[in-house]
S.K.: 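Let me give you the structure first, and then I'll get to my questions.
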Amino acid sequence: MDQFLFSTSWFVPFYSLLGAILTLPWGIGIIKRTGPRPAAYFNLLTTVVAFVHSLFVFQKIWDREPEKLLIAWFKAADLDLSFNLELSSVSIGATVLITGLSLLAQVYALGYMEKDWSLARFFALLGFFEAALSGLAISDSLFLSYALLEVLTLSTYLLVGFWYAQPLVVTAARDAFWTKRVGDLLLLMAVVTLSTLAGSLNFSDLYEWAQTANLSPMTSALLGLALIAGPAGKCAQFPLHLWLDEAMEGPNPASVMRNSLVVAGGAYLLYKFQPLLALSPVALNALVVMGTVTAIGATLVSIAQIDIKRSLSHSTSAYMGLVFLAVGLQQGGVALMLLLTHAIAKALLFMSSGSVILTTQSQDLTEMGGLWSRMPATTTAFVVGSAGMVTLLPLGSFWAMLAWADGFVNISPWVIGVLVLVNGLTAFNLTRVFRLVFWGKPQQKTRRTPEVGWQMALPMVILTVLTLLVPLMLQQWYLLPDWESINWYVALALFTSTVVGVGLGCTVYLHKAWSRSRILAWRFLQDLLGYDFYIDRVYLVTVVSAVALLSKISAWSDRYLVDGFVNLVGFATIFSGQTLKYSISGQSQGYMLTILAVVSVLGFFISWSLGLLDKLPF
């Protein structure tokens with residue numbers, strides 16, 4: 001039985017896909033009398049099976065060597081499309097995290113979207129979403145991973161645009177789709193290039209090829225940058241970062257999955273690209289620059305947001321920037337630890353913020369306050385989730401950042417500065433949000449706010465306990481450093497940044513009557529951060545304007561040059577035909593006269609041209 005479950009672990013993604021298929025009779029309206037809730041229960045059941053199966057395999061594979069499974073899909077002549085699957089503690093652990101968080105998000109969605117008319121369609125999309133993520137976790141094929149990334153792009157588009165009757169939602173879904181397509185297109189170029197250079201798209205074969213590959217600096221640089229582009233779009237990294245902010249228009253349970261798992265899926269694929277990226281110092285430097293700029297910039301932007309979901313989404317981009325920085329510095333193990341701690345804490349934060357949004361019917365921070373006594377479970381969840389996000393001893397993010405910082409305290413001390421700055425600003429922002437939402441005097445929309453129902457409270461309680469248990473999990477997996485090897489100066493710097501951030505967040509004056517400062521300098525800074533450094537307007541002036549100009553030139557040339565030439569030929573044909581019809585008399589002598597005239601004219605031109613040739617000096 002053990003061996004059977006282990007050998008069939010590749011079926012975990014199909015459980016979720018089966019759940020999505022089972023919801024179709026309710027999603028497309030074939031079954032109406034029972035309501036949409038049975039569809040949700042079917043999807044929940046398949047997710048439970050997937051979670052239990054992956055958890056069992058994770059327990060069995062912890063002390064075993066990684067194994068490969070080969071699935072032959074299509075073979076013809078020299079074309080061999082086979083999918084390699086990797087069964088290791090990392091890949092199976094990722095499926096446990098994906099199915100576990102998906103299960104909690106679905107239970108949460110039962111309460112959050114209880115009265116939504118298209119609940120079955122939402123659960124079908126969540127099952128589709130979960131299947132793609134689980135497949136990406138165990139994939140050892142670049143071709144399969146790229147196909148699953150495309151499925152994630154489609155799922156993001158459908159989930160963001162779930163409430164498609166709202167114009168802003170449609171715009172957000174469109175922008176998210178096209179922004180990701182930019183990165184996916186460049187990644188596709190890299191996939192085609194690697195299939196030609198390496199002769200295989202399986203990661204194990206690509207790693208062997210990378211050890212002996214002899215590429216020119218230009219080829220390796222372009223290949224590395226193309227590989228980075230796909231994960232950069234999925235993880236909302238600069239300059240492909242604006243979509244995650246707009247994607248907050250979708251339902252909050254989907255935002256839980258997107259900010260904890262989808263971005264982690266892109267970063268996980270980047271982690272698997274490490275041996276290939278090592279071929280190009282340019283690619284590694286690009287990762288360092290991209291990660292640093294996004295981490296610092298997104299954290300600064302988050303502290304100026306008055307929308308609770310957008311404030312948290314920018315911190316997601318910031319922490320994914322730290323993951324990019326870690327991969328660029330070839331610290332893949334630290335990147336995985338940071339992804340684990342961030343996914344659990346961020347899922348808890350979005351669940352607590354969704355509870356606030358549902359009960360207050362508002363996402364505006366200036367309309368909230370005084371919820372701590374009315375929503376104790378939600379308040380506790382937000383506090384624990386915030387503590388899990390920053391370096392607050394002894395929670396998980398502290399150990400992830402400490403393990404990273406210890407390795408670079410002497411080699412690259414500037415990394416410590418980036419970590420301290422991002423961590424301090426994150427603590428400041430989360431404290432600011434807590435004060436605006438849960439502290440202070442109740443506002444008009446929060447005076448009679450009740451606690452959420454058990455469907456939403458239960459997942460928050462489970463994630464709260466899980467966040468507190470993350471250090472014990474890291475210790476069980478031998479990922480915590482020894483006490484003798486800890487650099488206490490670095491640990492003190494990280495912990496101090498959290499204390500300073502929380503202290504500033506508690507003391508800064510927050511006035512809810514107005515959202516912009518009366519002081520011109522502060523107003524300029526607030527607008528600069530609130531509008532994301534005006535990057536969207538820069539895109540509008542540069543990229544969008546250039547594409548619009550090219551479109552106008554193309555439309556003009558198509559209308560007046562291409563169509564004009566075709567119309568000219570057609571007009572000439574019609575004119576000549578209409579003219580020739582008047583020469584039809586039915587008399588043979590008239591036809592003969594016309595033929596003689598044309599032959600005479602041709603003979604004249606031929607003789608004239610021959611005379612010119614005789615006069616030429618050769």
S.K.: Got V323 and V334 here, is their nearest side-chain heavy-atom distance under 4.5 Å?
M.R.: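 A side-chain contact under 4.5 Å is absent here.
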S.K.: Is the shortest side-chain heavy-atom distance between Q330 and L277 below 4.5 Å?
M.R.: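 Sidechains of L277 and Q330: no contact.
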S.K.: Do side-chain atoms of S317 reach the backbone of A298 as a donor and acceptor pair under 3.5 angstrom?
M.R.: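 Flag not set: sc S317 to bb A298 has no pair under 3.5 Å.
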S.K.: Compute the ring centroids of F11 and F14, then answer whether they are less than 6.0 Å apart.
M.R.: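 Ring centres of F14 and F11 closer than 6.0 Å.
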S.K.: Donor-acceptor check, side chain of S118 to backbone of R121, threshold 3.5 angstrom: yes or no?
M.R.: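 No; judged by distance alone, with no hydrogens or angles, the pair does not exist.
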S.K.: Should K272 and S145 be marked as a side chain to side chain donor-acceptor pair (under 3.5 Å) after you check the CA-CA gap, both sets of side-chain angles, and the distance that decides it?
M.R.: CA-CA 11 Å; K272 302 185 77 170; S145 298; 5.4 Å; no
S.K.: How long is the span from the CG atom in D140 to the CG atom in N84, to the nearest 0.5 Å?
M.R.: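 Going from the CG atom of D140 to the CG atom of N84 covers 5.0 Å.
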S.K.: Might you work through the side chain to side chain donor-acceptor pair (under 3.5 Å) test for T299 and N429, ending with a clear yes or no?
M.R.: CA-CA 8 Å; T299 310; N429 177 55; over 6 Å; no
S.K.: Applying side chain to side chain donor-acceptor pair (under 3.5 Å) to T99 and E130, what does each step give before you reach the verdict?
M.R.: CA-CA 7 Å; T99 53; E130 180 189 336; 5.5 Å; no
S.K.: What pairs of residues pass the salt bridge (charged side-chain N to carboxylate O under 4.0 Å, His left out) test when at least one of them lies in residues 142-163, not counting sequence neighbours?
M.R.: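 Pairs touching residues 142-163 that pass the test: E150-R181.
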S.K.: Compute the ring centroids of H241 and F238, then answer whether they are less than 6.0 Å apart.
M.R.: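 Ring centroids of H241 and F238 are less than 6.0 Å from each other.
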S.K.: Under the 3.5 angstrom rule, does the side chain of S554 hit a backbone N or O of S551 as a donor-acceptor pair?
M.R.: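 Checking the backbone N and O of S551 against the side chain of S554, no donor-acceptor pair under 3.5 Å is found.
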S.K.: Could you tell me whether the side chain of L101 reaches within less than 4.5 Å of the side chain of L261, counting heavy atoms only?
M.R.: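 In short, these two side chains touch, coming nearer than 4.5 Å.
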S.K.: So, N423 side chain and L419 main chain: donor-acceptor pair closer than 3.5 Å or not?
M.R.: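 It does not hold such a pair.
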S.K.: Should M320 and K234 count as side-chain neighbours, where that means a heavy-atom distance under 4.5 Å?
M.R.: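 Not touching, per the 4.5 Å side-chain cut-off.
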S.K.: Backbone N or O of G135 within a donor-acceptor pair of the S139 side chain at under 3.5 Å?
M.R.: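 No: the side chain of S139 does not pair with the backbone of G135.
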S.K.: Is the shortest heavy-atom distance from the side chain of R258 to the side chain of M248 under 4.5 Å?
M.R.: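 R258 vs M248: side chains touch.
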S.K.: Between side-chain atoms of residues 168-179 and protein atoms elsewhere (two or more places apart, or another chain), which donor-acceptor pairs fall under 3.5 Å?
M.R.:
| unit_1 | atom_1 | unit_2 | atom_2 | d |
| --- | --- | --- | --- | --- |
| T171 | OG1 | P167 | O | 3.1 |
| T179 | OG1 | D175 | O | 2.6 |

S.K.: Evaluate the criterion side chain to side chain donor-acceptor pair (under 3.5 Å) for residue pair S353 and K309; output intermediate values, then yes/no.
M.R.: CA-CA 7 Å; S353 65; K309 290 178 66 176; over 6 Å; no
S.K.: For Q274 and L270, indicate whether the former's side chain and the latter's backbone hold a donor-acceptor pair under 3.5 Å.
M.R.: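 No; zero donor-acceptor contacts below 3.5 Å.
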S.K.: Out of curiosity, L159 CG to L125 CG, how far, rounded to the nearest 0.5 Å?
M.R.: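 L159 CG to L125 CG: 5.0 Å, rounded to 0.5 Å.
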S.K.: Measure across A50 and Y15 and return the closest heavy-atom pair with its distance rounded to 0.1 Å.
M.R.: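 Result for this residue pair: CA-CD1, 3.5 Å.
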S.K.: Looking only at atom types and distance, does a side-chain atom of T294 sit under 3.5 Å from a main-chain N or O of G291, one as donor and one as acceptor?
M.R.: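 Not confirmed, T294 side chain does not pair with G291 backbone.
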S.K.: First locate atom OG1 of T95, then atom CG of L55, and finally report the distance between them rounded to the nearest 0.5 Å.
M.R.: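 Here the rounded value is 9.0 Å.
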S.K.: Go through the steps for Y268 and S91 under the test side chain to side chain contact (heavy atoms under 4.5 Å, CB included), then give the verdict.
M.R.: CA-CA 10 Å; Y268 178 75; S91 61; 3.8 Å; yes
S.K.: Side chain to side chain contact (heavy atoms under 4.5 Å, CB included) with T292: which of V422, L287, L325?
M.R.: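 With T292 as partner, side chain to side chain contact (heavy atoms under 4.5 Å, CB included) holds for just one option, L325.
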S.K.: Apply the test side chain to side chain contact (heavy atoms under 4.5 Å, CB included) to residues Y319 and V263: give CA-CA distance (whole Å), side-chain angles for both, the deciding distance (0.1 Å), then the verdict.
M.R.: CA-CA 10 Å; Y319 270 74; V263 293; over 6 Å; no
S.K.: Output the distance between atom CG (L425) and atom OG (S302), rounded to the nearest 0.5 Å.
M.R.: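 Interatomic distance, L425 CG to S302 OG, rounded to 0.5 Å: 7.5 Å.
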S.K.: Could you walk me through whether L144 and L136 pass the side chain to side chain contact (heavy atoms under 4.5 Å, CB included) test, one step at a time?
M.R.: CA-CA 8 Å; L144 179 60; L136 184 64; over 6 Å; no
S.K.: I need the minimum non-hydrogen distance between P231 and F273, along with the two atoms involved.
M.R.: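 Heavy atoms only, the tightest pair is CG-CE1, 4.1 Å.
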S.K.: Any donor and acceptor pair, going by atom type alone, linking the side chain of Y112 with main-chain N or O of M456 inside 3.5 Å?
M.R.: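 Not a single qualifying donor-acceptor pair exists.
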S.K.: Return the minimal non-hydrogen interatomic distance between A20 and F128, and the atom names on each side.
M.R.: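 Reported closest heavy-atom pair: CB-N, 3.8 Å.
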S.K.: Nearest 0.5 Å please: distance from the OG1 atom of T23 over to the CZ atom of F42.
M.R.: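 Between atom OG1 of T23 and atom CZ of F42 there are 10.0 Å.
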S.K.: Should we count OH of Y157 as having more than 12 external heavy atoms under 6.0 Å?
M.R.: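 No, the 6.0 Å shell around OH holds no more than 12 heavy atoms from other groups.
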S.K.: Tell me, do V327 and Q331 make a side-chain contact under 4.5 Å, heavy atoms counted?
M.R.: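 With C-beta onward as the side chain, the pair stays apart.
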S.K.: Any heavy-atom pair between the side chains of P459 and M351 that's under 4.5 Å?
M.R.: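 Result yes, sub-4.5 Å side-chain heavy-atom pair found.
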S.K.: Between atom CG of L142 and atom CG of L276, what is the distance when rounded to the nearest 0.5 Å?
M.R.: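 L142 CG to L276 CG: 8.0 Å, rounded to 0.5 Å.
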S.K.: Looking at R310, is its backbone amide N or carbonyl O close enough to the side chain of D307 to form a donor-acceptor pair, meaning the two atoms are under 3.5 Å apart?
M.R.: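 Present.
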S.K.: Determine yes or no for a side-chain-to-main-chain donor-acceptor pair under 3.5 angstrom, with E208 supplying the side chain and L206 the backbone.
M.R.: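 No, the answer is negative, given that no donor and acceptor are paired below the 3.5 Å cut-off.
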S.K.: Any chance you could lay out the side chain to side chain contact (heavy atoms under 4.5 Å, CB included) test for L349 and L430, step after step, and finish with the verdict?
M.R.: CA-CA 10 Å; L349 281 175; L430 293 175; 4.2 Å; yes
S.K.: Tell me the closest heavy-atom pair linking N252 and F350, and the distance in Å.
M.R.: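 What the structure gives for the nearest pair is ND2-O, 2.9 Å.
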S.K.: Are any of the side-chain heavy atoms of L22 and N43 separated by less than 4.5 Å?
M.R.: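 No. Closest side-chain heavy atoms not under 4.5 Å.
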S.K.: Show the nearest heavy-atom pair for residues G19 and T46, with the distance to one decimal.
M.R.: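 It is CA-OG1, 3.4 Å.
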S.K.: Identify the two heavy atoms, one from S155 and one from F129, that lie closest to each other, and give their separation to 0.1 Å.
M.R.: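 For S155 versus F129, the nearest heavy atoms are CB-CD1, 3.1 Å.
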S.K.: Is it the case that the side chains of T219 and S216 hold a donor-acceptor pair, with the cut-off being a distance below 3.5 Å and no angle test?
M.R.: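 Yes.
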